[in-house]
Amino acid sequence: MPKGVGVSAGIGVGPVRRMAEPIPEPDAAGQLRGDAGSEKTRVAEAVKAVSADLKARADKARGLGRDEAAEVLEAQVLMASDPGLVDGSAAKLAAGTSAERAVFETFGTFRDMLAAAGGYMAGRVTDLDDIRDRVIAVLTGQPVPGIPESDEPFVLVAEDLAPADTAGIDADTVEAIVTVQGGPTSHTAILARTMGIPAVVAMEEADALAEGTPVLVDGTTGEVVAEPSDEDVAKARTLEAKRAEAAKAATGPAATADGERISVLANIGGPADVENAVKNGAEGVGLYRTEFLFLDRADKPSYAEQVKAYKAVADAFPGQKVVVRTLDAGADKPLPFVSTEEEPNPALGVRGLRLAFKHPELLDEQLRALAEVQSESTADLWAMAPMVADMRDTEYFVDKAREAGLKTNGIMIEVPSAALTAGHLAKVADFFSIGTNDLTQYAYASDRQVGALARYQSPWQPGVLRLIGAAADGAGAEDKVCGVCGEAAADPILACVLVGLGVKSLSMSAPAIPMVKAALALHTVEQCREAADAVLGAVSAEEAKDIARAHLPRLEELGL
Ligand SMILES: C=C(OP(=O)(O)O)C(=O)O
Ligand SMILES: [Mg+2]
């Protein structure tokens, strides 16, 4: 049975709808058809139609409370309303160029200007390309690229999804997502999990799935069945019902079968995610990715704006833990208000805490804002630094956070050097939180954005498991808490192994919380430890998972 990597749990059934193929570059020698005046009108109308469609999608996203998606679309509407696009095309039409080529070249001029501006502006190039392709599609009668519009539920099949594509996904009609590319920590995977849409990535065979073919997708196992029989669907539905029942029953504080408490927390990007976290039974926040407040805007958020956002999250969890990660930007997540240099290897560049060495004022202000929230809220606020590599980084952050008045100050373990020297770092940091997404990328030298490297990007890789074990041991020796806030924590089977490795808190996308609680509740710490000891001997990610299953006898009760 064809199998990819299951990255977002659940069953989806429906006909395949493929993302329309990318629009090819129009012929450079394309000649004007008809007269320049009427072709200009056609171009203007195409731009208007695209703009109206984007506006309608922005309004829909707003209505669904998906403000980030709406903002991306609204910015595109603004771009499309620049009169220079139609005027520039008109000049080329007058010179005898075809309408589609004229549009392509005019957008190209704007594209070059954006790219040359660097930083935030350069980040908008793909949004501009998207508008260009939509306009050309309208002019030439090709299917509009992007998510197919449909009122009937369907399974979305794509090569990969760009952030701009995912903004258009409607969880009510998209039954499941299957992509050829993409790893478990790719944008597609994280978004699908957050939206609760079953998803399978890194599935080569998905290329062969024809439009309209009925398929059955199991986002837990990664299996995709074409033309499933009624029996296949019924079996999958039974399994899903079993999982749903187990998840529903998993309320209350998380603990293993023998009563060891494990904190099960939510990963959030801002106050808008709080409701979903609470609904799914989060016992607090294990990772608040504050960079979303700083990205995609021309000026940095003010001190007051920061306090407001952090306080909104803290106040939602009275008496509970809220771990706030300081700005994790730079390199591939450029900030327009911070000058950064072009880097040949952005993932290995000036990102995360490293940005603060050059711009300490950003970190200082953020820490002050957090200290104010700490004093005004009853939440147990913890501050955490991203991309810490060594002792000097650790001391730098912890000293600064303490000076600002923050009480509990820890570090992310997402660089292998930090995991391997955890014993030293635990003497200074108050806690660790392992970011398995980056830890896997750095341990296996495989960029997490590159779908072709999905095989390496599994947190089940024995090398990653050993690094996690080293970090947990280092924390344990100093009596410090070690948690995991990478996507590994969202896998209920791996969650048990992590507990066996000595991890005390697990933070994940909210929809994953109930199943993780359910898996922990069925297994003792001893069983988790035995599973952990055994997986450390595995030679591959697949073998590690099989070994873990063999040591966790009650997974079957969860339909896993
Ligand atoms: C949690 C992590 O951080 P992010 O995914 O935001 O890089 C990680 O790297 O695992
Ligand atoms: Mg990270």
Side-chain angles (χ1 to χ4, degrees), residues 7-8 68 163 182-194 201 264-270 273 277 282 285-296 322-335 346-356 382-389 393 397 410-419 431-450 456-461 463-465 467-468 471-472 482-491 494-495 498 503 505-510 512 516:
V7 292
S8 180
E68 268 177 58
T185 58
S186 63
H187 188 85
T188 305
I190 293 178
L191 181 108
R193 259 194 298 270
T194 308
V201 299
V264 175
L265 311 161
N267 289 356
I268 65 166
D273 296 335
V285 171
L287 170 63
Y288 176 0
R289 292 180 162 108
T290 59
E291 57 270 19
F292 289 112
L293 193 60
F294 292 73
L295 296 172
D296 284 340
V322 173
V323 184
V324 185
R325 176 173 78 186
T326 56
L327 187 56
D328 187 13
D332 60 331
K333 293 187 220 162
L335 297 171
L348 305 180
V350 181
R351 56 164 293 208
L353 184 66
R354 298 166 183 190
L355 199 65
W382 293 17
M384 171 167 86
M387 269 298 273
V388 169
D393 290 354
F397 179 76
I411 56 169
M412 287 197 74
I413 303 284
E414 44 188 355
V415 181
S417 58
F431 68 94
F432 290 161
S433 186
I434 305 175
T436 48
N437 308 338
D438 278 315
L439 188 61
T440 307
Q441 134 164 295
Y442 295 129
Y444 280 80
S446 55
D447 190 328
R448 63 194 264 198
Q449 316 277 353
V450 177
Y456 299 106
Q457 291 157 353
S458 167
W460 281 99
Q461 285 282 9
V464 178
L465 297 171
L467 288 168
I468 294 170
C482 179
V484 169
C485 65
E487 296 298 320
D491 175 338
L494 188 47
L498 295 173
V503 165
S505 83
L506 299 163
S507 191
M508 63 206 73
S509 311
V516 167

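The model shown is predicted, which means the values in this text are computed figures rather than measured ones. Ligands are counted one by one from 1 in listed order, and the atoms in each one are counted from 1 as well. The first residue of the sequence shown is numbered 1, and numbering continues consecutively from there.
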Can a non-hydrogen atom of [X] be found less than 4.0 Å from any atom of ligand 1?
X: Arg325; result: yes
X: Met387; result: no
X: Gln441; result: no

Would you say ligand 1 has an N or O under 3.5 Å from any N or O of [X]?
X: Arg289; result: yes
X: Glu414; result: yes
X: Glu487; result: no

Open item on the list: Quick one: does any side-chain atom of Tyr288 pair with a main-chain N or O of Thr326 as donor and acceptor, under 3.5 Å?
Closed with: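 No.
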Task: Atoms of ligand 1 close to Gly486 [distance to a heavy atom under 4.0 angstrom, numbered from 1] - done: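 Answer, ordered by atom number: 1 (C), 10 (O).
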Open item on the list: With heavy-atom distances below 4.0 Å as the criterion, list the atoms of ligand 1 near Leu287.
Closed with: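 Taking each heavy atom of Leu287 in turn, ligand 1 has 1 (C) under 4.0 Å.
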- [ ] Enter the distance from Leu465:CG to Trp460:CH2 here, rounded to the nearest 0.5 Å.
- [x]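 Here the interatomic distance stands at 7.0 Å.
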Open item on the list: Need the atom name: nearest N/O/S atom of Glu414 to the Mg ion (ligand 2).
Closed with: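 The Glu414 atom nearest to the Mg ion (ligand 2), restricting to N, O or S, is OE1.
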Open item on the list: Under 2.8 Å from the Mg ion (ligand 2), is there any N, O or S atom belonging to Asp438?
Closed with: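 Short answer: yes, at least one N, O or S atom is under the cut-off.
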TODO: Tell me which part of Met508 gets within contact of ligand 1: side chain, backbone, both or neither, using heavy atoms under 4.0 Å.
DONE: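 The answer is neither.
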Task: Salt-bridge criterion met for Asp273 and Arg289 (N-O under 4.0 Å) - done: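 Here Asp273 does not pair with Arg289 in a salt bridge, since their nearest N and O are not under 4.0 Å apart.
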- [ ] Go through Asn267 and Ser507 one step at a time and tell me if the side chain to side chain donor-acceptor pair (under 3.5 Å) criterion holds.
- [x] CA-CA 6 Å; Asn267 289 356; Ser507 191; 2.6 Å; yes
